[in-house]
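Worksheet: the structure to be examined is printed underneath.
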There are 2 protein chains.
Amino acid sequence: MVSGNTLAEIAALIGDVARANILSALMDGRALTASELAWHSGVSPQTTSGHLAKLSEANLITMSPQGRHRYYKLATPEVAQAIEALMSVASFGPRRHRPVGPKDEALRNARTCYDHLAGRLGIALADTLTARNHIVLSESAGALTDEGRRFLCDFGIDLEAGRGRHNRALCRTCLDWSERRPHLAGRLGAALCTRMFELGWVERIKDSRALAVTAAGKSGLKQTFGIEEQSANLGD
Amino acid sequence: MVSGNTLAEIAALIGDVARANILSALMDGRALTASELAWHSGVSPQTTSGHLAKLSEANLITMSPQGRHRYYKLATPEVAQAIEALMSVASFGPRRHRPVGPKDEALRNARTCYDHLAGRLGIALADTLTARNHIVLSESAGALTDEGRRFLCDFGIDLEAGRGRHNRALCRTCLDWSERRPHLAGRLGAALCTRMFELGWVERIKDSRALAVTAAGKSGLKQTFGIEEQSANLGD
DNA sequence: GGAACGCTTCGGCCGCGACCGAAGCGTTGT
DNA sequence: ACAACGCTTCGGTCGCGGCCGAAGCGTTCC
(Lines give C-alpha, C1' and ligand atoms only; values in the text may rest on other atoms or scores of the structure.)
Protein backbone atom coordinates (compact mmCIF):
# COMPACT_ATOMS: atom_id res chain seq x y z
CA MET A 1 0.00 0.00 0.00
CA VAL A 2 2.79 2.40 0.87
CA SER A 3 4.24 1.31 -2.46
CA GLY A 4 7.99 1.70 -2.33
CA ASN A 5 8.03 2.22 -6.06
CA THR A 6 11.66 2.12 -7.00
CA LEU A 7 12.94 2.01 -10.55
CA ALA A 8 13.59 -1.71 -10.29
CA GLU A 9 10.17 -2.47 -8.87
CA ILE A 10 8.35 -0.68 -11.64
CA ALA A 11 10.51 -2.20 -14.34
CA ALA A 12 10.12 -5.67 -12.82
CA LEU A 13 6.37 -5.27 -12.97
CA ILE A 14 6.53 -4.52 -16.68
CA GLY A 15 9.19 -7.18 -17.12
CA ASP A 16 6.89 -10.16 -16.98
CA VAL A 17 5.49 -11.41 -20.27
CA ALA A 18 1.93 -11.72 -19.05
CA ARG A 19 1.94 -8.28 -17.46
CA ALA A 20 3.65 -6.73 -20.46
CA ASN A 21 0.89 -8.15 -22.62
CA ILE A 22 -1.71 -6.66 -20.31
CA LEU A 23 -0.10 -3.23 -20.42
CA SER A 24 0.33 -3.39 -24.18
CA ALA A 25 -3.35 -4.20 -24.53
CA LEU A 26 -4.17 -1.15 -22.45
CA MET A 27 -1.88 1.10 -24.50
CA ASP A 28 -4.76 2.27 -26.66
CA GLY A 29 -6.16 4.08 -23.65
CA ARG A 30 -9.40 2.13 -23.39
CA ALA A 31 -10.50 0.33 -20.25
CA LEU A 32 -10.74 -3.45 -20.55
CA THR A 33 -12.30 -6.08 -18.31
CA ALA A 34 -10.28 -8.63 -16.37
CA SER A 35 -11.44 -11.39 -18.71
CA GLU A 36 -10.40 -9.54 -21.82
CA LEU A 37 -7.03 -8.87 -20.25
CA ALA A 38 -6.72 -12.51 -19.28
CA TRP A 39 -7.20 -13.36 -22.92
CA HIS A 40 -4.53 -10.89 -24.00
CA SER A 41 -2.10 -11.92 -21.31
CA GLY A 42 -2.10 -15.55 -22.37
CA VAL A 43 -2.47 -16.96 -18.85
CA SER A 44 -5.40 -18.13 -16.76
CA PRO A 45 -7.92 -15.70 -15.23
CA GLN A 46 -6.69 -16.46 -11.70
CA THR A 47 -3.14 -15.66 -12.59
CA THR A 48 -4.23 -12.57 -14.48
CA SER A 49 -6.11 -11.41 -11.43
CA GLY A 50 -2.93 -11.59 -9.42
CA HIS A 51 -1.09 -9.58 -12.03
CA LEU A 52 -3.80 -6.94 -12.10
CA ALA A 53 -3.64 -6.63 -8.33
CA LYS A 54 0.09 -6.02 -8.48
CA LEU A 55 -0.20 -3.46 -11.25
CA SER A 56 -2.93 -1.63 -9.34
CA GLU A 57 -0.93 -1.75 -6.15
CA ALA A 58 1.91 0.06 -7.89
CA ASN A 59 -0.46 2.61 -9.42
CA LEU A 60 0.32 1.58 -12.97
CA ILE A 61 -3.32 0.86 -13.66
CA THR A 62 -6.63 1.75 -12.04
CA MET A 63 -9.81 -0.25 -11.67
CA SER A 64 -13.43 0.79 -11.80
CA PRO A 65 -16.08 -1.81 -11.01
CA GLN A 66 -19.15 -1.86 -13.20
CA GLY A 67 -21.77 -4.48 -12.52
CA ARG A 68 -20.07 -7.79 -12.37
CA HIS A 69 -17.24 -6.55 -14.56
CA ARG A 70 -14.11 -4.78 -13.48
CA TYR A 71 -12.62 -2.36 -15.92
CA TYR A 72 -8.90 -1.71 -15.88
CA LYS A 73 -7.02 1.08 -17.60
CA LEU A 74 -3.61 2.72 -17.48
CA ALA A 75 -3.41 5.03 -14.48
CA THR A 76 -1.66 8.02 -16.05
CA PRO A 77 -0.24 9.24 -19.36
CA GLU A 78 3.20 8.97 -17.75
CA VAL A 79 2.80 5.22 -17.56
CA ALA A 80 1.95 5.07 -21.24
CA GLN A 81 4.95 7.24 -21.98
CA ALA A 82 7.29 4.98 -20.05
CA ILE A 83 6.02 1.89 -21.85
CA GLU A 84 6.30 3.68 -25.17
CA ALA A 85 9.91 4.55 -24.38
CA LEU A 86 10.67 0.96 -23.47
CA MET A 87 9.08 -0.24 -26.70
CA SER A 88 11.25 2.19 -28.55
CA VAL A 89 14.34 0.73 -26.95
CA ALA A 90 13.10 -2.80 -27.52
CA SER A 91 12.58 -2.26 -31.23
CA PHE A 92 16.20 -1.25 -31.63
CA GLY A 93 19.00 -3.61 -32.37
CA PRO A 94 19.34 -5.78 -35.46
CA ARG A 95 16.04 -5.06 -37.17
CA ARG A 96 14.72 -8.56 -36.91
CA HIS A 97 12.61 -10.07 -39.60
CA ARG A 98 9.10 -8.84 -38.95
CA PRO A 99 6.70 -10.38 -41.46
CA VAL A 100 4.10 -7.78 -42.40
CA GLY A 101 0.65 -9.28 -42.33
CA PRO A 102 -2.52 -7.52 -43.46
CA LYS A 103 -3.50 -6.69 -39.89
CA ASP A 104 -0.05 -5.30 -39.31
CA GLU A 105 -0.52 -3.15 -42.38
CA ALA A 106 -3.74 -1.74 -40.94
CA LEU A 107 -1.86 -0.88 -37.77
CA ARG A 108 0.81 0.90 -39.74
CA ASN A 109 -1.79 2.91 -41.56
CA ALA A 110 -3.70 4.34 -38.62
CA ARG A 111 -4.00 3.38 -34.99
CA THR A 112 -4.35 4.80 -31.53
CA CYS A 113 -1.29 5.17 -29.36
CA TYR A 114 -2.59 5.44 -25.80
CA ASP A 115 -5.02 8.30 -26.44
CA HIS A 116 -3.78 9.91 -29.63
CA LEU A 117 -3.37 9.06 -33.31
CA ALA A 118 -0.40 7.22 -34.71
CA GLY A 119 0.67 5.46 -37.86
CA ARG A 120 0.71 7.11 -41.28
CA LEU A 121 -2.37 9.12 -40.38
CA GLY A 122 -0.73 10.49 -37.25
CA ILE A 123 2.39 11.40 -39.17
CA ALA A 124 0.39 13.07 -41.93
CA LEU A 125 -1.45 15.23 -39.42
CA ALA A 126 1.76 16.28 -37.73
CA ASP A 127 3.29 17.08 -41.11
CA THR A 128 0.34 19.15 -42.27
CA LEU A 129 0.09 21.18 -39.08
CA THR A 130 3.81 21.81 -39.27
CA ALA A 131 3.72 22.83 -42.93
CA ARG A 132 0.91 25.31 -42.18
CA ASN A 133 2.86 26.74 -39.29
CA HIS A 134 0.18 25.77 -36.83
CA ILE A 135 2.69 23.94 -34.73
CA VAL A 136 6.45 24.18 -34.49
CA LEU A 137 7.89 20.74 -34.24
CA SER A 138 11.52 20.69 -33.30
CA GLU A 139 12.26 17.04 -33.95
CA SER A 140 10.95 15.46 -30.80
CA ALA A 141 9.46 18.57 -29.28
CA GLY A 142 6.53 20.80 -30.20
CA ALA A 143 4.84 24.10 -29.52
CA LEU A 144 1.50 25.47 -30.69
CA THR A 145 1.42 28.80 -32.52
CA ASP A 146 -1.35 31.37 -32.17
CA GLU A 147 -2.61 30.58 -35.67
CA GLY A 148 -2.63 26.93 -34.73
CA ARG A 149 -4.62 27.69 -31.63
CA ARG A 150 -7.25 29.50 -33.69
CA PHE A 151 -7.37 26.80 -36.33
CA LEU A 152 -7.85 24.02 -33.82
CA CYS A 153 -10.46 26.05 -31.98
CA ASP A 154 -12.38 26.38 -35.25
CA PHE A 155 -12.03 22.66 -35.73
CA GLY A 156 -13.95 22.24 -32.49
CA ILE A 157 -11.15 21.33 -30.18
CA ASP A 158 -11.13 22.42 -26.56
CA LEU A 159 -7.48 22.80 -25.71
CA GLU A 160 -8.19 23.11 -22.02
CA ALA A 161 -9.83 19.69 -21.89
CA GLY A 162 -7.93 17.11 -19.96
CA ARG A 163 -5.96 19.69 -18.05
CA GLY A 164 -6.09 17.46 -14.99
CA ARG A 165 -4.27 17.43 -11.71
CA HIS A 166 -1.15 16.24 -13.46
CA ASN A 167 -1.07 19.39 -15.59
CA ARG A 168 -0.41 17.28 -18.61
CA ALA A 169 1.67 18.78 -21.41
CA LEU A 170 -0.27 20.42 -24.22
CA CYS A 171 1.88 19.41 -27.13
CA ARG A 172 4.25 16.52 -26.86
CA THR A 173 5.59 14.29 -29.55
CA CYS A 174 5.84 10.57 -29.46
CA LEU A 175 8.10 8.43 -31.61
CA ASP A 176 6.05 6.34 -34.01
CA TRP A 177 7.31 2.76 -33.93
CA SER A 178 6.20 1.96 -37.45
CA GLU A 179 7.21 5.18 -39.15
CA ARG A 180 10.15 5.99 -36.88
CA ARG A 181 9.11 9.65 -36.92
CA PRO A 182 7.38 11.75 -34.29
CA HIS A 183 3.63 12.19 -34.19
CA LEU A 184 1.48 14.38 -31.96
CA ALA A 185 0.82 13.37 -28.37
CA GLY A 186 -0.03 15.32 -25.24
CA ARG A 187 -3.36 17.03 -24.64
CA LEU A 188 -3.37 18.28 -28.21
CA GLY A 189 -2.88 14.82 -29.66
CA ALA A 190 -5.58 13.42 -27.43
CA ALA A 191 -8.05 16.17 -28.30
CA LEU A 192 -7.38 15.75 -32.02
CA CYS A 193 -8.05 12.05 -31.69
CA THR A 194 -11.24 12.56 -29.69
CA ARG A 195 -12.54 15.08 -32.19
CA MET A 196 -11.97 12.71 -35.11
CA PHE A 197 -13.98 10.06 -33.33
CA GLU A 198 -16.74 12.59 -32.60
CA LEU A 199 -16.89 13.56 -36.24
CA GLY A 200 -17.03 9.92 -37.24
CA TRP A 201 -13.90 10.29 -39.34
CA VAL A 202 -12.26 7.23 -37.88
CA GLU A 203 -13.57 4.02 -36.36
CA ARG A 204 -11.94 1.29 -34.36
CA ILE A 205 -11.26 -1.98 -36.11
CA LYS A 206 -12.51 -4.81 -33.91
CA ASP A 207 -10.02 -6.44 -31.55
CA SER A 208 -7.24 -4.12 -32.60
CA ARG A 209 -5.69 -0.75 -31.97
CA ALA A 210 -5.95 -0.18 -35.72
CA LEU A 211 -8.33 2.44 -37.07
CA ALA A 212 -10.35 2.60 -40.26
CA VAL A 213 -10.80 5.97 -41.97
CA THR A 214 -14.46 6.37 -42.95
CA ALA A 215 -15.74 7.97 -46.14
CA ALA A 216 -16.56 11.09 -44.14
CA GLY A 217 -13.07 10.97 -42.74
CA LYS A 218 -11.47 10.82 -46.15
CA SER A 219 -13.29 13.86 -47.45
CA GLY A 220 -12.91 15.71 -44.17
CA LEU A 221 -9.19 15.08 -43.97
CA LYS A 222 -8.81 16.29 -47.52
CA GLN A 223 -10.85 19.45 -47.08
CA THR A 224 -9.76 20.48 -43.62
CA PHE A 225 -6.21 19.23 -43.54
CA GLY A 226 -5.40 18.78 -47.21
CA ILE A 227 -4.47 15.19 -46.56
CA GLU A 228 -4.99 13.12 -49.69
CA GLU A 229 -5.47 9.41 -49.42
CA GLN A 230 -2.30 8.54 -51.20
CA SER A 231 -0.23 10.89 -49.11
CA ALA A 232 -0.91 8.77 -46.09
CA ASN A 233 -1.82 5.64 -48.02
CA LEU A 234 -5.20 5.76 -46.38
CA GLY A 235 -7.42 3.08 -47.77
CA ASP A 236 -4.63 0.66 -48.44
CA MET B 1 22.94 -12.13 -30.28
CA VAL B 2 19.84 -11.92 -32.44
CA SER B 3 18.32 -10.30 -29.39
CA GLY B 4 14.58 -10.87 -29.43
CA ASN B 5 14.17 -7.65 -27.49
CA THR B 6 10.55 -7.57 -26.57
CA LEU B 7 9.02 -5.06 -24.20
CA ALA B 8 9.03 -7.61 -21.37
CA GLU B 9 12.63 -8.62 -21.94
CA ILE B 10 13.90 -5.06 -21.78
CA ALA B 11 11.81 -4.22 -18.75
CA ALA B 12 12.88 -7.43 -16.99
CA LEU B 13 16.50 -6.45 -17.53
CA ILE B 14 15.91 -3.12 -15.81
CA GLY B 15 13.71 -4.81 -13.25
CA ASP B 16 16.46 -6.32 -11.16
CA VAL B 17 17.77 -4.26 -8.28
CA ALA B 18 21.44 -4.82 -9.07
CA ARG B 19 20.98 -4.03 -12.76
CA ALA B 20 18.80 -1.02 -11.98
CA ASN B 21 21.59 0.27 -9.76
CA ILE B 22 24.07 -0.23 -12.57
CA LEU B 23 21.91 1.64 -15.05
CA SER B 24 21.23 4.42 -12.58
CA ALA B 25 24.93 4.82 -12.01
CA LEU B 26 25.42 5.14 -15.77
CA MET B 27 22.65 7.72 -16.07
CA ASP B 28 25.11 10.57 -15.84
CA GLY B 29 26.43 9.55 -19.24
CA ARG B 30 29.94 8.68 -18.14
CA ALA B 31 31.58 5.34 -18.80
CA LEU B 32 32.41 3.35 -15.68
CA THR B 33 34.55 0.27 -15.13
CA ALA B 34 33.12 -3.08 -14.15
CA SER B 35 34.54 -2.71 -10.65
CA GLU B 36 32.96 0.66 -10.10
CA LEU B 37 29.67 -0.71 -11.30
CA ALA B 38 30.04 -3.71 -9.00
CA TRP B 39 30.38 -1.26 -6.16
CA HIS B 40 27.26 0.61 -7.22
CA SER B 41 25.23 -2.52 -7.86
CA GLY B 42 25.77 -3.86 -4.37
CA VAL B 43 26.63 -7.39 -5.46
CA SER B 44 29.88 -9.24 -6.06
CA PRO B 45 32.07 -8.60 -9.11
CA GLN B 46 31.27 -12.02 -10.57
CA THR B 47 27.58 -11.42 -10.37
CA THR B 48 27.99 -7.91 -11.74
CA SER B 49 29.89 -9.32 -14.67
CA GLY B 50 26.95 -11.52 -15.50
CA HIS B 51 24.59 -8.57 -15.33
CA LEU B 52 26.82 -6.49 -17.57
CA ALA B 53 26.91 -9.30 -20.11
CA LYS B 54 23.13 -9.42 -20.21
CA LEU B 55 22.78 -5.67 -20.54
CA SER B 56 25.32 -5.62 -23.36
CA GLU B 57 23.63 -8.51 -25.09
CA ALA B 58 20.40 -6.54 -25.19
CA ASN B 59 22.19 -3.42 -26.43
CA LEU B 60 21.29 -1.38 -23.39
CA ILE B 61 24.94 -0.68 -22.68
CA THR B 62 28.18 -0.87 -24.65
CA MET B 63 31.67 -1.84 -23.58
CA SER B 64 35.04 -0.51 -24.62
CA PRO B 65 38.13 -2.24 -23.27
CA GLN B 66 40.97 -0.05 -22.13
CA GLY B 67 44.03 -1.69 -20.69
CA ARG B 68 42.92 -4.09 -18.06
CA HIS B 69 39.76 -2.12 -17.47
CA ARG B 70 36.50 -2.43 -19.27
CA TYR B 71 34.43 0.70 -19.52
CA TYR B 72 30.67 0.44 -19.76
CA LYS B 73 28.23 3.16 -20.74
CA LEU B 74 24.63 3.48 -21.82
CA ALA B 75 24.28 2.48 -25.45
CA THR B 76 21.96 5.25 -26.67
CA PRO B 77 20.12 8.34 -25.45
CA GLU B 78 16.91 6.37 -25.98
CA VAL B 79 17.92 4.01 -23.21
CA ALA B 80 18.48 6.95 -20.89
CA GLN B 81 15.14 8.35 -21.88
CA ALA B 82 13.35 5.10 -21.11
CA ILE B 83 14.96 4.85 -17.70
CA GLU B 84 14.12 8.47 -17.01
CA ALA B 85 10.49 7.78 -17.90
CA LEU B 86 10.41 4.79 -15.59
CA MET B 87 11.91 6.85 -12.78
CA SER B 88 9.22 9.42 -13.36
CA VAL B 89 6.54 6.76 -12.96
CA ALA B 90 8.30 5.30 -9.96
CA SER B 91 8.43 8.59 -8.10
CA PHE B 92 4.67 8.93 -8.34
CA GLY B 93 2.23 7.61 -5.83
CA PRO B 94 2.00 8.57 -2.19
CA ARG B 95 5.00 10.85 -1.87
CA ARG B 96 6.86 8.67 0.54
CA HIS B 97 9.00 10.09 3.25
CA ARG B 98 12.28 10.91 1.64
CA PRO B 99 14.72 12.21 4.23
CA VAL B 100 16.76 14.97 2.68
CA GLY B 101 20.40 14.54 3.56
CA PRO B 102 23.14 17.00 2.70
CA LYS B 103 24.23 14.93 -0.27
CA ASP B 104 20.66 14.79 -1.47
CA GLU B 105 20.52 18.56 -1.21
CA ALA B 106 23.59 18.84 -3.42
CA LEU B 107 21.85 16.63 -5.97
CA ARG B 108 18.78 18.82 -5.94
CA ASN B 109 20.90 21.89 -6.50
CA ALA B 110 22.79 20.82 -9.61
CA ARG B 111 23.53 17.47 -11.18
CA THR B 112 23.94 15.75 -14.49
CA CYS B 113 21.05 13.79 -15.93
CA TYR B 114 22.52 11.44 -18.52
CA ASP B 115 24.45 14.07 -20.46
CA HIS B 116 22.72 17.32 -19.60
CA LEU B 117 22.15 19.57 -16.59
CA ALA B 118 19.40 19.03 -14.07
CA GLY B 119 18.38 20.22 -10.63
CA ARG B 120 17.79 23.85 -9.77
CA LEU B 121 20.58 24.91 -12.09
CA GLY B 122 19.01 23.07 -15.02
CA ILE B 123 15.63 24.59 -14.28
CA ALA B 124 17.11 28.08 -13.97
CA LEU B 125 18.81 27.78 -17.36
CA ALA B 126 15.62 26.59 -19.01
CA ASP B 127 13.69 29.44 -17.39
CA THR B 128 16.18 32.09 -18.46
CA LEU B 129 16.37 30.94 -22.06
CA THR B 130 12.60 30.86 -22.17
CA ALA B 131 12.22 34.32 -20.66
CA ARG B 132 14.66 35.72 -23.23
CA ASN B 133 12.76 34.08 -26.03
CA HIS B 134 15.75 32.00 -27.03
CA ILE B 135 13.73 28.85 -26.77
CA VAL B 136 10.03 28.20 -26.85
CA LEU B 137 9.14 25.66 -24.25
CA SER B 138 5.66 24.34 -24.51
CA GLU B 139 5.50 22.48 -21.20
CA SER B 140 7.31 19.29 -22.08
CA ALA B 141 8.39 20.27 -25.58
CA GLY B 142 10.84 22.79 -26.93
CA ALA B 143 12.05 24.58 -30.04
CA LEU B 144 15.02 26.86 -30.58
CA THR B 145 14.42 30.35 -31.98
CA ASP B 146 16.76 32.13 -34.39
CA GLU B 147 17.84 34.52 -31.66
CA GLY B 148 18.50 31.56 -29.43
CA ARG B 149 20.59 29.97 -32.12
CA ARG B 150 22.74 33.10 -32.39
CA PHE B 151 23.04 33.48 -28.64
CA LEU B 152 24.17 29.92 -28.12
CA CYS B 153 26.58 30.19 -31.02
CA ASP B 154 28.16 33.23 -29.36
CA PHE B 155 28.34 31.24 -26.16
CA GLY B 156 30.57 28.80 -28.02
CA ILE B 157 28.15 25.99 -28.58
CA ASP B 158 28.26 23.88 -31.71
CA LEU B 159 24.69 22.87 -32.30
CA GLU B 160 25.65 20.35 -34.93
CA ALA B 161 27.81 18.38 -32.49
CA GLY B 162 26.49 15.03 -31.56
CA ARG B 163 24.32 14.80 -34.63
CA GLY B 164 25.04 11.08 -34.84
CA ARG B 165 23.51 8.26 -36.77
CA HIS B 166 20.46 8.36 -34.53
CA ASN B 167 19.71 11.92 -35.60
CA ARG B 168 19.15 12.84 -32.02
CA ALA B 169 16.64 15.57 -31.25
CA LEU B 170 18.08 19.07 -30.89
CA CYS B 171 15.89 20.33 -28.12
CA ARG B 172 14.03 17.95 -25.90
CA THR B 173 12.84 18.45 -22.38
CA CYS B 174 13.19 16.04 -19.54
CA LEU B 175 11.13 16.02 -16.37
CA ASP B 176 13.26 16.90 -13.40
CA TRP B 177 12.58 14.45 -10.59
CA SER B 178 13.51 16.83 -7.82
CA GLU B 179 11.86 19.98 -9.17
CA ARG B 180 9.02 18.25 -11.01
CA ARG B 181 9.49 20.70 -13.87
CA PRO B 182 11.08 20.24 -17.30
CA HIS B 183 14.71 21.06 -17.96
CA LEU B 184 16.65 21.01 -21.21
CA ALA B 185 17.76 17.75 -22.75
CA GLY B 186 18.56 16.66 -26.29
CA ARG B 187 21.63 17.79 -28.22
CA LEU B 188 21.13 21.33 -26.92
CA GLY B 189 21.06 20.22 -23.30
CA ALA B 190 24.13 18.08 -23.83
CA ALA B 191 26.05 20.87 -25.57
CA LEU B 192 25.16 23.35 -22.85
CA CYS B 193 26.43 20.93 -20.24
CA THR B 194 29.64 20.23 -22.11
CA ARG B 195 30.32 23.92 -22.56
CA MET B 196 29.89 24.62 -18.86
CA PHE B 197 32.44 21.95 -18.08
CA GLU B 198 34.81 23.40 -20.69
CA LEU B 199 34.51 26.83 -19.15
CA GLY B 200 35.13 25.38 -15.71
CA TRP B 201 31.81 26.71 -14.47
CA VAL B 202 30.81 23.42 -12.89
CA GLU B 203 32.73 20.50 -11.47
CA ARG B 204 31.75 17.01 -10.52
CA ILE B 205 31.43 16.21 -6.84
CA LYS B 206 33.28 13.01 -6.13
CA ASP B 207 31.27 9.77 -6.20
CA SER B 208 28.08 11.53 -7.14
CA ARG B 209 26.09 12.88 -10.02
CA ALA B 210 25.94 16.16 -8.12
CA LEU B 211 27.77 19.20 -9.45
CA ALA B 212 29.46 22.09 -7.70
CA VAL B 213 29.23 25.55 -9.24
CA THR B 214 32.67 27.16 -9.18
CA ALA B 215 33.43 30.82 -8.48
CA ALA B 216 33.93 31.33 -12.22
CA GLY B 217 30.61 29.61 -12.77
CA LYS B 218 28.77 31.88 -10.38
CA SER B 219 29.99 35.05 -12.03
CA GLY B 220 29.60 33.60 -15.51
CA LEU B 221 26.05 32.46 -14.89
CA LYS B 222 25.18 35.88 -13.56
CA GLN B 223 26.74 37.82 -16.42
CA THR B 224 25.80 35.62 -19.33
CA PHE B 225 22.50 34.19 -18.18
CA GLY B 226 21.46 36.60 -15.45
CA ILE B 227 21.17 33.74 -13.02
CA GLU B 228 21.75 34.98 -9.49
CA GLU B 229 22.81 32.56 -6.81
CA GLN B 230 19.66 32.86 -4.84
CA SER B 231 17.44 32.39 -7.85
CA ALA B 232 18.66 28.88 -8.15
CA ASN B 233 19.88 28.57 -4.59
CA LEU B 234 23.34 27.92 -5.93
CA GLY B 235 25.80 27.73 -3.11
CA ASP B 236 23.32 26.34 -0.66
C1' DG C 1 59.29 -14.08 -14.48
C1' DG C 2 56.28 -13.53 -10.89
C1' DA C 3 52.89 -11.18 -8.30
C1' DA C 4 49.03 -8.15 -8.13
C1' DC C 5 45.08 -6.77 -10.43
C1' DG C 6 40.66 -6.57 -13.31
C1' DC C 7 37.40 -9.17 -15.12
C1' DT C 8 35.02 -13.33 -16.59
C1' DT C 9 33.47 -18.33 -16.55
C1' DC C 10 31.91 -22.33 -14.13
C1' DG C 11 29.28 -24.92 -10.75
C1' DG C 12 26.08 -25.40 -7.26
C1' DC C 13 22.81 -23.48 -3.94
C1' DC C 14 18.50 -21.39 -2.92
C1' DG C 15 14.57 -18.41 -2.81
C1' DC C 16 11.18 -15.75 -5.23
C1' DG C 17 7.39 -15.62 -8.00
C1' DA C 18 4.55 -17.30 -11.96
C1' DC C 19 1.36 -20.73 -12.67
C1' DC C 20 -2.95 -23.54 -12.25
C1' DG C 21 -6.85 -26.25 -9.76
C1' DA C 22 -10.20 -25.72 -6.51
C1' DA C 23 -13.04 -23.03 -3.90
C1' DG C 24 -15.30 -18.64 -2.41
C1' DC C 25 -17.81 -14.24 -3.12
C1' DG C 26 -20.68 -10.92 -5.34
C1' DT C 27 -23.66 -9.74 -9.38
C1' DT C 28 -26.97 -10.77 -13.06
C1' DG C 29 -30.73 -12.92 -15.11
C1' DT C 30 -34.87 -15.90 -15.20
C1' DA D 1 -34.39 -19.27 -5.39
C1' DC D 2 -31.19 -21.05 -8.41
C1' DA D 3 -27.91 -21.22 -11.96
C1' DA D 4 -24.66 -18.91 -14.75
C1' DC D 5 -21.16 -15.72 -14.78
C1' DG D 6 -17.06 -12.63 -13.60
C1' DC D 7 -13.57 -12.24 -10.69
C1' DT D 8 -10.69 -13.15 -6.71
C1' DT D 9 -8.35 -15.90 -2.89
C1' DC D 10 -5.96 -19.89 -1.32
C1' DG D 11 -2.64 -23.66 -1.53
C1' DG D 12 0.85 -26.19 -3.54
C1' DT D 13 4.13 -27.14 -7.35
C1' DC D 14 8.02 -26.01 -10.05
C1' DG D 15 11.37 -23.76 -12.74
C1' DC D 16 14.00 -19.67 -13.67
C1' DG D 17 17.44 -16.72 -12.34
C1' DG D 18 20.28 -14.18 -8.90
C1' DC D 19 23.92 -15.11 -5.88
C1' DC D 20 28.67 -16.38 -4.32
C1' DG D 21 33.18 -19.32 -4.05
C1' DA D 22 36.63 -21.06 -6.77
C1' DA D 23 39.19 -21.02 -10.72
C1' DG D 24 40.83 -19.24 -15.26
C1' DC D 25 42.52 -15.66 -18.53
C1' DG D 26 44.59 -11.42 -19.94
C1' DT D 27 47.01 -7.05 -18.56
C1' DT D 28 50.13 -4.25 -15.84
C1' DC D 29 53.90 -3.27 -12.98
C1' DC D 30 58.50 -4.16 -10.70
Side-chain angles (χ1 to χ4, degrees), chain A residues 1 3-26 30-73 207, chain B residues 1 3-26 30-73 207:
Chain A
M1 190 57 57
S3 139
N5 274 6
T6 66
L7 168 62
E9 284 164 0
I10 297 296
L13 280 174
I14 308 176
D16 171 84
V17 180
R19 284 193 295 260
N21 285 336
I22 290 173
L23 293 170
S24 297
L26 292 175
R30 283 183 296 179
L32 300 180
T33 67
S35 311
E36 290 170 320
L37 290 172
W39 189 89
H40 279 106
S41 73
V43 296
S44 70
Q46 316 85 289
T47 304
T48 301
S49 178
H51 288 314
L52 293 174
K54 284 179 183 166
L55 292 172
S56 298
E57 173 80 3
N59 294 312
L60 291 188
I61 61 176
T62 56
M63 187 268 287
S64 52
Q66 210 155 310
R68 55 180 164 184
H69 295 280
R70 290 190 173 190
Y71 281 88
Y72 288 92
K73 60 193 280 284
D207 294 331
Chain B
M1 191 57 60
S3 141
N5 275 8
T6 66
L7 167 62
E9 284 165 1
I10 298 296
L13 280 174
I14 308 175
D16 171 85
V17 179
R19 283 193 296 258
N21 285 337
I22 290 173
L23 293 170
S24 297
L26 293 174
R30 282 183 297 180
L32 300 179
T33 67
S35 312
E36 290 170 320
L37 291 172
W39 189 89
H40 279 105
S41 72
V43 296
S44 70
Q46 317 79 294
T47 304
T48 302
S49 177
H51 288 315
L52 292 173
K54 283 179 183 167
L55 292 172
S56 298
E57 173 80 4
N59 293 313
L60 291 188
I61 61 177
T62 56
M63 186 267 286
S64 52
Q66 209 155 312
R68 56 181 165 185
H69 296 282
R70 290 192 173 188
Y71 282 88
Y72 289 92
K73 60 193 281 283
D207 293 332

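Chain identifiers are assigned alphabetically (A, B, ...) following the order of the sequence lines, protein sequences preceding nucleic acid strands; residue numbering begins at 1 within each chain. As the structure is a computational prediction, the values presented were derived from the model and not from experiment. Note: hydrogens, waters and symmetry copies are ignored here, and every other heavy atom, side chains too, is used.
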Please pick, from [options], the nucleotide with the shortest atom-to-atom distance to any side-chain atom of [X].
X	options	answer
B/Asp16	C/dT27, D/dC19, C/dA18	D/dC19
A/Ala34	C/dG6, D/dT8, D/dG18	D/dT8
B/Gln46	C/dC19, C/dT9, D/dC29	C/dT9
B/Thr47	D/dC5, D/dC19, C/dC19	D/dC19

* Could you tell me whether B/Thr48 contacts a base, only the sugar-phosphate backbone, or nothing, with contacts defined as non-hydrogen atoms closer than 4.0 Å? =>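 Touches nothing.
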* Sugar-phosphate only, base, or nothing, as touched by B/Tyr71 at under 4.0 Å among non-hydrogen atoms ->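 Here B/Tyr71 touches no strand at all.
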Give a yes or no on whether the backbone of [Y] and the side-chain of [X] come within a donor-acceptor separation of less than 3.5 Å.
X	Y	result
B/Arg70	B/Ala34	no
A/His40	A/Glu36	yes
B/Ser24	B/Ala20	yes
A/Ser49	A/Pro45	no

Rounded interatomic separation in angstrom, taking [atom1] from [X] and [atom2] from [N]:
X	N	atom1	atom2	value
A/Tyr72	D/dG6	OH	C1'	11 Å
A/His51	D/dT9	NE2	P	14 Å
A/Arg68	D/dA3	CZ	C1'	11 Å
A/Glu57	D/dT8	CD	P	14 Å
B/Leu55	C/dT8	CG	P	12 Å
B/Met63	C/dT8	CE	C1'	10 Å
B/Leu52	D/dG18	CG	P	13 Å
A/Ile14	C/dG17	CD1	P	16 Å

* To do: Name the residue closer to the 5' end of DNA chain C, choosing between A/Gln66 and A/Val43 according to the nucleotide with the nearest heavy atom.
  =>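 Counting from the 5' end, the first nearest nucleotide belongs to A/Val43.
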It should be established whether [X] places a side-chain nitrogen or oxygen under 4.0 Å from OP1 or OP2 of nucleotide [N].
X	N	result
B/His69	C/dC5	no
A/Lys54	C/dG17	no
A/Arg19	C/dA18	yes
B/Arg70	C/dT8	yes
A/Ser44	C/dC20	yes

* Asked: Under 4.5 Å between any side-chain heavy atoms of B/Leu52 and B/Met63, yes or no?
  ->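 Not in contact.
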